[in-house]
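Residue numbers begin at 1 in each chain, while the letters A, B, ... track the order of the sequences.
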Amino acid sequence: MANPMEQFEIVRLKPLALGAYDVSFTNSSLWMLIALLCIAGFLFVGTAKPALVPGRWQAAVEYVYDFIRSMLDENVGPEGRRYVPLIFSIFLFVLACNLLGLLPWVGAFTPTSHIAVTLGLAVLVFATVCIVGFARHGLHFFSLFWPKDTFFPLAMFVAFIEFLSFLSRPFTLAIRLFANMTAGHVLLKVFGTFVVSLGVFGILPLGVNVALSALELLIAVVQAYVFALLASIYLNDAVNLH
Amino acid sequence: MLSRRHFSNRGEALADDRRTDGDELDRRIADAKAAQDRGISASEARAEGRGWAIGIEFVGTVLVSAFLGWLLDGWLGTSPWLMILFLLLGFAAGTRRAMTTSKQFDASPDNDQSDKGA
């Protein structure tokens, strides 16, 4: 039986070293690059010939952009417009990585099934939240943790708990995406090996795999949406300190 | 004679088609809508995503807190007391996180209330 974790293996395509660091060009880097090229292609085609009445590609690009803009408008308010480029980029990158990873090719790879990638994105969001928070509110940003109108010793306790939950934000953001992508791909692979090993009765797991593929497609899109939604909710905390 | 009647019948049928073109389109739109509703709608998918998000929020906070306690234990040599303390605090923090996140999701106008009746 093929190892279901084999698909997550990092392969060095071009070994490189920067000082003591290993900065090899891996299959993960390759697929992130492919994701970027797909996004760039999508956006270039969509905005190549802008018309008042949009064509199909332009309508698609406008729809995605409008989706992110209204998400920030609703969750952050008018100030949220500034962060549309950031959230838009993150959303499209996660979406492209998730969807490309579903391609049933040998060598296809899902960068977002690695916690190094998702944690990198989550830390980017977390750092942005901290920088925006301190830049806008200075040390007053710490009042995010302080409960109002609470008995002092209890408030200390609650503030500590709030601090813990604030610190865990980038991790939960990263773990959610990574766990969803990894679990889905493992399931697909496990049922895929059943198809081979069961012979004629392999038709049953094949049916399951068809249904699972549809579910994975849904999860790929929904997880990109949830990542962007939570990022904008976290930004709201920093922009509009309650 | 026969063929002529046949022809005129077809002509009538054509005229009939043209008359009911609007109704036909309405019916097709309704059919397409019904077919779409049979699957998972976009808002249902988003709702499911948000539900899972809250679950992982809770579990993740507990794990991260316990991990922080474990790290501090390693530095201060107080194993395992800080890990236990942080695990308990993590439960409190996780519950709070799940509560605030679900409240924020509810407050988000993105939340489709209109779909609840369906």
Side-chain angles (χ1 to χ4, degrees), chain A residues 63 67-68 70-77 115 118-119 122 144-145 147 154 157-180 183 211 214-215 217-237 240 242, chain B residues 35-36 38-72 82-113 115:
Chain A
Y63 180 81
F67 176 65
I68 299 298
S70 61
M71 184 193 282
L72 279 161
D73 271 352
E74 285 159 2
N75 287 303
V76 184
I115 202 155
T118 58
L119 193 62
L144 183 67
F145 307 126
L154 194 63
F157 183 67
V158 172
F160 185 67
I161 286 176
E162 286 285 343
F163 182 65
L164 268 186
S165 85
F166 183 74
L167 273 190
S168 64
R169 270 178 186 186
F171 297 99
T172 52
L173 201 55
I175 290 169
R176 175 172 25 251
L177 182 56
F178 142 80
N180 268 292
L215 180 71
L217 208 58
L218 176 80
I219 287 179
V221 178
V222 162
Q223 284 308 315
Y225 158 75
V226 166
F227 200 97
L229 177 68
L230 281 169
S232 56
I233 283 178
Y234 294 163
L235 269 175
N236 178 39
D237 280 345
N240 311 310
H242 53 84
Chain B
Q36 217 169 27
R38 243 175 269 140
I40 302 173
S41 74
S43 60
E44 271 172 332
R46 283 195 296 232
E48 192 189 335
R50 285 191 287 245
W52 278 104
I54 291 167
I56 291 194
E57 211 90 307
F58 175 72
V59 177
T61 311
V62 174
L63 289 180
V64 168
S65 304
F67 179 68
L68 275 179
W70 180 76
L71 273 186
L72 285 176
L82 280 180
M83 192 182 94
I84 294 172
L85 177 70
F86 272 63
L87 187 70
L88 292 176
L89 287 174
F91 273 110
T95 312
R96 224 177 126 62
R97 265 298 285 294
M99 273 167 58
T100 45
T101 310
S102 80
K103 221 181 277 171
Q104 275 163 331
F105 282 159
D106 282 348
S108 164
D110 205 29
N111 190 16
D112 303 279
Q113 296 287 334
D115 246 41

field: Options B:G60, B:S65, B:A93, ranked by heavy-atom pairs under 4.5 Å with chain A, top entry
entry: B:A93
query: Listed by chain and number, what are the side chain to side chain donor-acceptor pair (under 3.5 Å) partners of B:R97, not counting sequence neighbours?
result: A:S168, A:T172, A:Y234, B:E57
message: Below 4.5 Å, heavy-atom pairs only: which of A:V226, A:N180, A:V221, A:I161 has the largest tally toward chain B?
response: A:I161
Part of A:E162 within contact of chain B (heavy atom distance under 4.5 Å): side chain
message: Return the CG to CZ distance between A:L164 and B:R96, rounded to the nearest 0.5 Å.
response: 12.5 Å
message: What's the separation between atom CZ in A:F163 and atom CG in B:L68, rounded to the nearest 0.5 Å?
response: 8.5 Å
- request: Please look at B:T100 and chain A and tell me whether the side chain, the backbone, both or neither of the residue comes under 4.5 angstrom of a heavy atom of that chain.
  value: neither
- request: Assess whether side-chain contact (heavy atoms from CB on, under 4.5 Å) is satisfied between A:L230 and B:T101, documenting all intermediate values.
  value: CA-CA 9 Å; A:L230 281 169; B:T101 310; 4.2 Å; yes
